[in-house]
2 protein chains.
Amino acid sequence: MITETGSVTIHNVAKVAGVSISTVSRVVNGLGRVAPETRRKVENAIRRLDFHPNSRAQALSRKRTDTIGLIVPDFEGQYFSMLMEGAHEEAQTNGVHIMVIKAKESEAQIEAVSRLCSEGRTDGAILMLSELYDEVLEEIGDINGPLVILDRDVNVWRLDNVLLDNRLGAFEATKHFIDIHRITKMFFVGSSKSNLDTFARAQGFSDALKSIGQDAQGRQFFGNNYSYDEGYRIAEEKIYPLIESQEHYGVVAANDDIACGIIDALMDKGIRVPEQVGITGFDDSDIAIHRRPKITTMHIPTKEIGRLAVRMILNRLADLVSEPTKVVMKARLIVRESCGCGKHNNRISGDKSVQ
Amino acid sequence: MITETGSVTIHNVAKVAGVSISTVSRVVNGLGRVAPETRRKVENAIRRLDFHPNSRAQALSRKRTDTIGLIVPDFEGQYFSMLMEGAHEEAQTNGVHIMVIKAKESEAQIEAVSRLCSEGRTDGAILMLSELYDEVLEEIGDINGPLVILDRDVNVWRLDNVLLDNRLGAFEATKHFIDIHRITKMFFVGSSKSNLDTFARAQGFSDALKSIGQDAQGRQFFGNNYSYDEGYRIAEEKIYPLIESQEHYGVVAANDDIACGIIDALMDKGIRVPEQVGITGFDDSDIAIHRRPKITTMHIPTKEIGRLAVRMILNRLADLVSEPTKVVMKARLIVRESCGCGKHNNRISGDKSVQ
DNA sequence: AAAAATGGTAAAAAGGCTTTTATAGGAATC
DNA sequence: GATTCCTATAAAAGCCTTTTTACCATTTTT
C-alpha cells in the first residue's frame, strides 16, 4: 500500500485521517456530504502530507484531461500571441490547460489532431487552417471530441467554426480610398493565391472595385509569403513601373509586413508616401504603429477569436450546444497615417520627394 | 468488458485478434518478442478497429505524460515566439508535447508549477523568471520533477539554469560606441530597475563606462516597462535636455522597442539620428530591421535557449545528468544603421560619419 | 534421456483516482 | 420496541494501460 518516494496518494491521506479513500475523494472534490468533523480530519491530513491529487489518475478515471489543444501553423507574429492570449485567458478561468502544437503541413495537422484527440491527450482542439487542405477535413471528420476550425470556412458536420470576414475587411480598406481619399487607381498585394486569407482579401478588393465599375484584373499582385521582403520586391517590380507622376494611388496590402515593404520600396524610389500613394495594411500588428508613417490597417479581434474558440469547446464539452456553430468576426479599420489621413511626423526635414 | 461509444480499447483489439491484452501491448510498443504470425493478427485487428492507445491510461501506468510545461510571463513579442519555436522543435523530435501557462506574478507562477509538476500534468517544466521573486524559488525548491529556470541566475540545488549574459551583451553594445565610433558620452535606457534583464544590462553599460574611467551615475534612466512609449518619454524628458548641439552621443537601450521610441523622440525634436546620436537596441526583434534607420542591436539566441531548456529536461528524465547544469548564452552584436555604422537610406542627405 | 534453457503467450498485479453500491448506526415512525 | 428511513462512511468496481510473473511447449545442453 505504501508507494514509492515522493508521491503521496489518496491512500496515505486516508490512512492518516483514519477514513476510507472514497471519503478523501469526496472531501477533495467537494461532492456528496461529509460530516464536518470528518472533513476537518481529512483536510488536516491533506495539509500535513502536502497531498496533490494525481492528475493522470484523475484524467483516466474522469475520462477527461482538462486540457485543450491549439494547433497553429506558426508561432511567429502577433496573431499567434494574441490568439494564445485569448485562448489562455478563457482556459485559465475555467481551470483547463492549453497544449500547443505547431503544424503547418496537412500531414502534420492530421497527426496533431490524432495525438490530441484520438489518443485522448486533450478534451478538444482548436485547429487553425490557413492553407487549403481538403485532406485534413476529410481525416478529422470522424475524430471524436470537439474541434473548432479557425480561419477557414468549413461546412463539415460536427465542426465548429470561428472566422474573420476577410473579404469584408479588404472591401472596407479599399472603400476607404474610394470614399475618403477619392482615389480610383488601386492595387492589391497579397501573399500566395493559395493562402485563404489572401484570397478572400483579394476578393474584397475586387468587390470594392466593382462597386465603382472597375475590374481588378491586372491590379492584384501575389507573392510567396507575407513578408516585408515580398512587399518590397513586388512594389519595386510591379507597382512602381505603373505609377504615373501626376496620379494618386491606393495600395491595399494583405498584411502590415507587406505594407511596410511597399512603403519602403516606393519611398526608396522617391515616391511620396502617403501623399502620392496611400497604403493600408492588415492585422494591426505592432509595426503598424511603430513606423512612420503610422500604418492605416485593419484590426483583427484575434484575442477574442482565441477566447471564443475555447469557449465553444467548453460549451460542447458541457453539452450546452448541439448544432455546429459558426461565428464570423469583423475586422475594424484603424485610420492612421499611411493612407493619407492624419499627420505624418516623420518626413520633417529633407523630405525625399524626388521628382 | 465492452466499453461505451467511440473508444476502442486494447481489450477489443485483443478479443478480435484472439490474443491477450498483454500481447497487444507488446505489439503496440514493440517490446518483447512476438511471433510474426501473432503480430500480423494483432496489427490487422488494430487497423480494422482503428485503435489508438489511450494516452491517459499510458500516462498513469508509465508514470509520465510525455509533456513538458512552459511557464512564461507573457505571450507577446518575438522572445516568446522564438522560445516556443525552439522548445517545440526539440520536443517534437522527441515525441513530447508542450503545455503553456502564462504566469507573471509570483503567486501565479507557484500555482503553475504546482499544477504542472506536483499534480503530475507534465514530466518537467521550464520556468521563465524575469522578475525578482525569491518566494517562487523557495516554493519550488521541493517540487519533484525536473525544472529549468530561464533568464534568472539561480543557485538552488536541483534546478537547471539557462541564461543570457545580459551584462556582457550591454557591455559589448556600449563598447561598440567607444571603440568604433569614438563616442564618450553615453546613456542607458532600461525598463524598471527590478527587472533582472534591465538590471544586468545596466551593469554591463556601467562596466564599459568604467573601462574608460567614467561613472554611470546620472547616465542611466529607468522606465516602467519595455515599451516604445517609455522610450519616447524618457528620451524626450531625460535625454533630450542633456544633448548639446556640438557633441556626439550614444544611447544603449535595453530593448528594441525602447530604442525605437528614443529614435523617434529625438528625431521629432530635430536631432539627427544616428549622425549626432547613435542608438543601439537589444533583442534583434522584427522591428529592428523594418525601421529606418535599421537598428543596431544585440541578437539573443532565443530559439536555441528554448531548445536547450527542453533538452535539459529530457536529459534529466533520462537520468543522463546528476549535477545541476548552468548554461550561459551570449548575445551577438548585429551592426546595422542606428549606431552610426553603415548607410541609412532614410536620411539620404547629410551622411553622418561621426568625426 | 533427463535437465535446462528458450520463446511465445496468458494471467494478474499494479497505477491512483472516481463513482456506484453496500453497510453500519441512529433517528424517526408506528 | 420493532420497523422503516436516513446519513455518513466503507468497500468494491471500474478507467485503460504497462509490466511482472507464470506457464507451457519446444529446443538445446549434458
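Only heavy atoms go into these numbers, but all of them, side chains included; no hydrogens, no water, no symmetry mates. All of these numbers come straight from a predicted model, not from anything done at the bench. Lettering of chains follows the sequences in order, A, B, ..., and the numbering in each one begins at 1.
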Do any N or O atoms of the protein come closer than 3.5 Å to N or O atoms of nucleotides 21-29 of chain D, and which pairs are they?
none

*asked:* When you measure from the side-chain N and O atoms of B:S25 to the phosphate of D:dT18, is any distance below 4.0 Å, counting only OP1 and OP2?
replied: yes
*Interatomic distance, A:R121 CZ vs D:dC16 P [rounded to whole Å]*: 16 Å
*For residues A:I140 and A:R158, report the shortest heavy-atom separation together with the two atoms involved.*
O-NH2, 3.7 Å
*Looking just at side-chain N and O atoms, do A:N44 and A:R48 make a donor-acceptor pair shorter than 3.5 Å?*
no
*A:K41 has an atom NZ; how far is it from atom C1' of D:dA8, in whole Å?*
11 Å
*What's the CG-P distance between B:L31 and D:dT20, to the nearest Å?*
10 Å
_Any donor-acceptor pair under 3.5 Å linking the side-chain atoms of B:S20 with those of B:T23?_
yes
*Classify every nucleotide of nucleotides 7-12 of chain C by which part a protein heavy atom approaches to under 4.0 Å, writing B for the base, S for the sugar-phosphate alone and - for neither, in 5'-to-3' order.*
SSBBB-
*Partners of B:P324 by side chain to side chain contact (heavy atoms under 4.5 Å, CB included), sequence neighbours excluded?*
B:D160
*asked:* As an exercise, state the distance from CG of A:N155 to NZ of A:K326, rounded to the nearest 0.5 Å.
replied: 4.0 Å
*Between B:N29 and B:R62, is any side-chain donor less than 3.5 angstrom from a side-chain acceptor?*
yes
_Phosphate OP1/OP2 of D:dC16 contacted by A:K63 side-chain N/O (<4.0 Å)_ = yes
*Residues B:H52 and B:D50: side-chain donor-acceptor under 3.5 angstrom*: yes
*Phosphate contact (C:dG16 OP1 or OP2) by A:Q58 side-chain N/O below 4.0 Å*: no
*Hey, does the side chain of A:N54 come within less than 4.0 Å of C:dG15's phosphate (OP1/OP2), counting only N and O?*
no
*According to the interplanar angle, ranging from 0 to 90°, do the rings of A:H88 and B:F75 count as parallel (below 30°), tilted (30 to 60°) or perpendicular (above 60°)?*
perpendicular
*D:dT17, C:dC17, C:dG15: which one has an atom nearest the side-chain heavy atoms of A:A57?*
C:dC17
*Distance-only donor-acceptor test, A:S7 side-chain atoms vs C:dG16 base atoms, 3.5 Å*: no
